[in-house]
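Below you'll find the structure, written out as structure tokens, and then a few comments.
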Amino acid sequence: MNPLTSSAVLTAGPGRQPGPFSRPPVGTEADRHDRLSLTSRFLERDGEPWIPVSGEFHYSRVRRDRWSERLRLMRASGITVVASYVFWLHHEEARGDIRFGDNLDVAGFVQEAAAAGLEVVLRIGPWCHGEARNGGLPDWVVAACPATRRDNPVYLAFVREWFTVLGRVLAPVCTPSGPVIGIQVENELYDQPEHLLTLKRTARAAGLRAPVWTATGWGGAQLPPGAVLPVFGGYSDGFWVDWDAAWDDTFREHFFFSHTWDDPGIGADQRAAKPAPALSTRPGTSFPAATCELGAGMATAYHRRPAPAAADAAAIANVKIGNGSVWQGFYMYAGGVNPAGADGTEESHRTGYPNDMPRFDYDFHAPIGASGRPSPGLAPLREHNLFVESFGPQLAGMSSVLPDALPDGVHDRSTLRWAVRSDGDRGFVFVNRHQPHEPLDDYEAARFRVATPTGPVILPDRPVTVPAGTIARWPFGLSVSGVTLDWATASALTVVNGPTPTLVLRAHRGIVPRARWAAGTVATSRSLGRLGAGPFDLPVGDPLHLTSHAGSLTVLVVDERTAADLWMVDGRLIRSTAPVWADEDGLRARSVRAPECLEWDTARKGFARLSAHAPAEGRGAAIATTLIRPHSCPPDSYGSHSGRESAPTRQDIDRVAAVHRLSLPLSLQDHDRDSVLVVDWLGDVAQLRVDGTPVADRFWDGTRWELDVRSLGITAASQVTLHVVPLRDGARIGFAPPARELLARVSAPWCAVDGVRLEESVVWRLV
């Protein structure tokens with residue numbers, strides 16, 4: 001028998017019942033909030049169960065005039081909470097020179113987020129990391145106080161001063177009705193529970209208040225019981241392991257359903273000791289399972305340069321929600337650029353950090369890149385987020401159940417990976433058949449048996465092959481508008497409200513969407529005519545109209561390509577290949593040419609075209625590049641630290657880089673357009689200089705480099721040069737498989753600029 005073929009029905013029992021429902025003191029007895037409260041099972045907003053979906057966006061790494069659009073784009077992609085580190089280093093590089101202007105206006109950022117319809121979590125540190133120099137501590141603090149991140153009186157005096165200033169600035173938004181719903185103290189602190197309490201007390205005394213206080217729980221962190229909500233993470237790959245390390249088990253495990261929340265891999269490059277079991281993951285905790293760092297992308301270090309695939313983050317997110325998560329937090333969701341600083345603000349070998357990071361680049365391969373444009377990773381995460389926002393109130397009360405037959409460890413590539421979330425007779429079957437680096441094969445002849453109080457649910461009615469790459473969430477017992485779906489082999493996506501609501505399901509490539517409805521349901525469609533309750537194959541793109549004794553419902557099944565173009569904006573389902581969002585005056589879209597945008601009409605049961613209006617179209621043009629100096633032979637090494645290669649310094653770049661002059665057009669003076677410079681190149685390190693000053697950099701990883709022109713201070717009068725360091729053969733650098741395959745097709749040394757393009761987009765008003 002084929003090892004991936006099973007004639008038996010895959011079974012999940014009733015599972016363990018959740019512990020007693022309780023309300024911890026955090027956010028109830030202290031720091032009460034008008035909208036939000038915390039329970040032992042989930043969060044409540046306005047008295048209803050709620051699953052937040054948070055996305056990380058560092059305000060100090062993005063120009064202020066870019067905040068609004070990016071925040072609204074996050075909201076349109078299903079994000080409900082924006083999270084940000086508050087980097088002390090960015091605000092007070094020199095002692096006493098505390099800055100809150102421009103893109104350092106943290107209170108203004110919170111207000112901008114609220115205007116975009118987002119709640120806010122501030123991760124105030126004071127040690128944040130986020131690949132910031134000294135973890136975000138100013139150099140002068142580190143120099144004056146070697147014993148940081150503990151209850152050292154000298155260190156605490158500095159922290160108290162900083163928190164006092166921060167509290168004065170944030171007091172107007174840290175109110176019982178304000179947008180700040182969460183505050184995280186410190187980050188990745190494993191053995192100082194008393195210090196975490198001290199930081200929380202100090203912050204509260206300074207006027208920083210929120211109904212939820214959090215701390216990272218991974219790595220066996222010892223947290224003060226009952227004082228902070230433990231939050232966890234999970235990445236598909238990481239820059240922090242050795243350049244030649246195989247895909248680590250700490251990454252693999254996030255593609256398996258389980259009830260273990262700890263991740264000993266995150267931050268392991270900074271821990272000397274092996275972590276102890278995490279206290280916060282033991283049974284009987286008074287807090288629900290929450291995440292703050294599901295890897296929506298990954299940063300590049302000089303020695304190791306992961307480039308996650310678009311589906312990686314979506315697979316992890318699907319697994320974590322199947323595991324029982326009641327808070328989905330993504331890091332990063334919108335990339336940015338490090339402030340220059342007197343000596344750089346990035347973490348590096350110069351600060352004793354084991355990994356050399358780019359001085360400027362913090363794109364992170366995020367769903368919204370540093371240029372502000374969506375990356376390929378946005379569409380699959382947007383689909384996941386829309387599902388969580390639509391069905392979160394039901395999911396929040398559902399417990400996670402693992403199947404009777406579990407995979408035999410994280411190297412088992414045969415056993416089907418699935419889990420159930422259910423509150424009795426209804427729920428969702430979560431399936432994952434995707435992982436990077438070591439792709440899985442098709443799983444043949446799958447059927448699922450889920451125990452419920454009224455008897456087992458078996459779906460589908462006949463075996464189905466689950467293709468490699470499938471990421472699914474199949475509903476059973478789902479009731480919408482009085483119509484009950486017994487089960488479906490198409491994933492729940494969203495519900496569009498209207499006189500007759502529309503349930504949107506997503507078909508999967510290689511799986512015929514099939515469903516059965518509750519007895520007495522009548523289904524009709526243009527292509528199938530009149531049907532009973534089924535089971536029957538669902539028509540893709542042809543709306544079904546269903547009626548029962550309790551109500552009526554439209555069901556729209558979309559294919560993978562259509563699902564990738566769907567946005568939910570202020571309750572309106574929009575189909576668009578261009579990014580869309582809403583502001584105070586209505587719907588907006590950004591593109592070079594007039595976008596094709598459609599809106600679902602619940603009354604007419606179809607998509608209606610929206611018209612797009614802008615003062616003028618955008619432009620796109622190739623940029624002339626002139627080689628003014630060829631590259632020279634790079635050295636065998638630029639140095640090393642902790643056994644890892646160091647990045648070339650500016651002096652190294654001056655010695656070996658090829659230099660290209662870019663001839664940018666006068667249209668850069670046109671502020672109605674948003675200019676993105678797209679660079680296709682091959683090499684080791686690239687640096688962009690404006691009038692001789694470095695303003696941007698990138699470590700090559702096989703992906704395109706996109707730069708927000710105005711955020712870099714480039715004007716039509718600027719002299720812009722592109723400096724490309726050749727990549728030598730035999731460099732001790734770890735690349736993702738696509739980059740390795742590309743290098744294998746080209747001869748070394750690798751140093752080329754294949755093209756530079758300027759794309760000037762405009763905002764279109766949709767009506």
Side-chain angles (χ1 to χ4, degrees), residues 53 55 66 68-80 116-117 310 314 333-334 366-369 371-387 389-390 491 493-498 502-507 540-541 543 554 556-620 673-674 676 706 759-767:
V53 181
R66 299 295 196 246
S68 177
E69 182 176 322
R70 295 185 196 185
L71 289 166
R72 292 172 187 275
L73 191 57
M74 290 173 70
R75 183 68 194 93
S77 67
I79 295 295
T80 52
Y333 206 85
I368 301 171
S371 69
R373 299 192 349 175
S375 78
L378 182 62
L381 274 189
R382 186 171 70 244
E383 179 184 330
H384 173 84
N385 297 344
L386 296 182
F387 162 73
E389 184 169 10
S390 295
S491 288
L493 181 55
T494 190
V495 174
V496 188
N497 291 320
T502 300
L503 169 65
V504 184
L505 302 175
R506 191 260 221 222
V540 177
T554 299
L556 173 66
V557 182
V558 297
D559 59 19
E560 183 176 336
R561 183 173 180 178
T562 302
D565 294 339
L566 294 181
W567 306 72
M568 182 67 80
V569 187
D570 288 347
R572 302 166 67 178
L573 185 67
I574 307 298
R575 182 178 176 181
S576 170
T577 56
V580 297
W581 68 92
D583 62 17
E584 295 83 355
D585 298 318
L587 285 178
R588 297 289 182 264
R590 178 175 290 285
S591 66
V592 175
R593 304 283 180 256
E596 182 178 349
C597 300
L598 309 170
E599 180 178 3
W600 179 256
D601 188 324
T602 57
R604 297 182 179 180
K605 301 180 179 59
F607 282 102
R609 188 177 303 276
L610 297 170
S611 28
H613 304 273
E617 287 193 332
R619 292 183 286 250
R673 291 179 170 85
D674 194 65
V676 172
E706 298 182 350
E759 297 180 356
E760 299 174 293
S761 62
V762 296
V763 175
W764 299 82
R765 181 171 57 91
L766 303 178
V767 292

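Owing to the predicted nature of the structure, the values given are computational and were not obtained by experimental measurement.
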- Ignoring hydrogens and angles, tell me if any N or O in the side chain of S390 forms a donor-acceptor pair with the backbone of F387 under 3.5 Å. no
- Does a sphere of radius 6.0 Å around CG in D583 hold more than 12 heavy atoms from other residues, nucleotides or ligands, not counting ones at 6.0 Å or beyond? yes
- Residues that R66 engages under side chain to side chain donor-acceptor pair (under 3.5 Å), provided they are two or more places apart: D674, D708
- Under 3.5 Å, side chain of R609 to main-chain N/O of E596, donor-acceptor pair present? no
- Query: Are the side chains of L587 and V580 in touch, meaning some heavy atoms are under 4.5 Å apart?
  - Reply: no
- Task: Search all heavy atoms of A76 against all heavy atoms of V569 and return the closest pair with its distance.
- Result: CB-CG2, 3.9 Å
- Message: With rounding to the nearest 0.5 angstrom, report the OG1 to CZ distance, T562 to R575.
- Response: 4.0 Å
- Gap between atom CG of L73 and atom OH of Y333 - 0.5 Å precision: 8.0 Å
- Sequence neighbours excluded, which residues qualify as side chain to side chain donor-acceptor pair (under 3.5 Å) partners of T602? none
- Task: Can you sort out the partners of R572 under side chain to side chain donor-acceptor pair (under 3.5 Å), two or more places apart, ordered by chain and number?
- Result: E599
- Note on the structure: Taking every heavy atom of R619 against every heavy atom of V592, the minimum-distance pair comes out as N-CG1, 3.6 Å
- Item | Contacts of type salt bridge (Lys or Arg N to Asp or Glu O under 4.0 Å), residue E706, not counting sequence neighbours | R373, R704
- Query: Within the distance-only criterion (no hydrogens, no angle test), does the side chain of S77 pair as donor or acceptor with the backbone N or O of R382 below 3.5 angstrom?
  - Reply: no
- Message: If I compare all heavy atoms of L766 with all of A589, which pair ends up nearest, and what's the gap?
- Response: CD1-CB, 3.9 Å
- Item | Residues that S591 engages under side chain to side chain donor-acceptor pair (under 3.5 Å), provided they are two or more places apart | W764
- Looking at residues at least two apart in the chain, or sitting in another chain, which of them share a side-chain contact (heavy atoms from CB on, under 4.5 Å) with R561? D559
- Sequence neighbours left out, what passes side-chain contact (heavy atoms from CB on, under 4.5 Å) with A564? Give chain and number order. A379
- Mark yes or no: R75 above the aromatic ring of W581, with NZ or CZ under 6.0 Å from the six-membered ring centre and no more than 45 degrees from the axis. no
- Any residue meeting side-chain contact (heavy atoms from CB on, under 4.5 Å) with S68, in chain and number order, not counting sequence neighbours: R72, E112
- Message: Checking E560 now: which residues fulfil side-chain contact (heavy atoms from CB on, under 4.5 Å) with it, not counting sequence neighbours?
- Response: R506, R509
- Query: In chain order, what residues pass the ring pair (Phe, Tyr, Trp, His ring centres under 6.0 Å) check against W600, with sequence neighbours excluded?
  - Reply: F607
- Task: Go through the steps to decide whether I368 and M74 satisfy the test side chain to side chain contact (heavy atoms under 4.5 Å, CB included), and finish with yes or no.
- Result: CA-CA 8 Å; I368 301 171; M74 290 173 70; 3.7 Å; yes
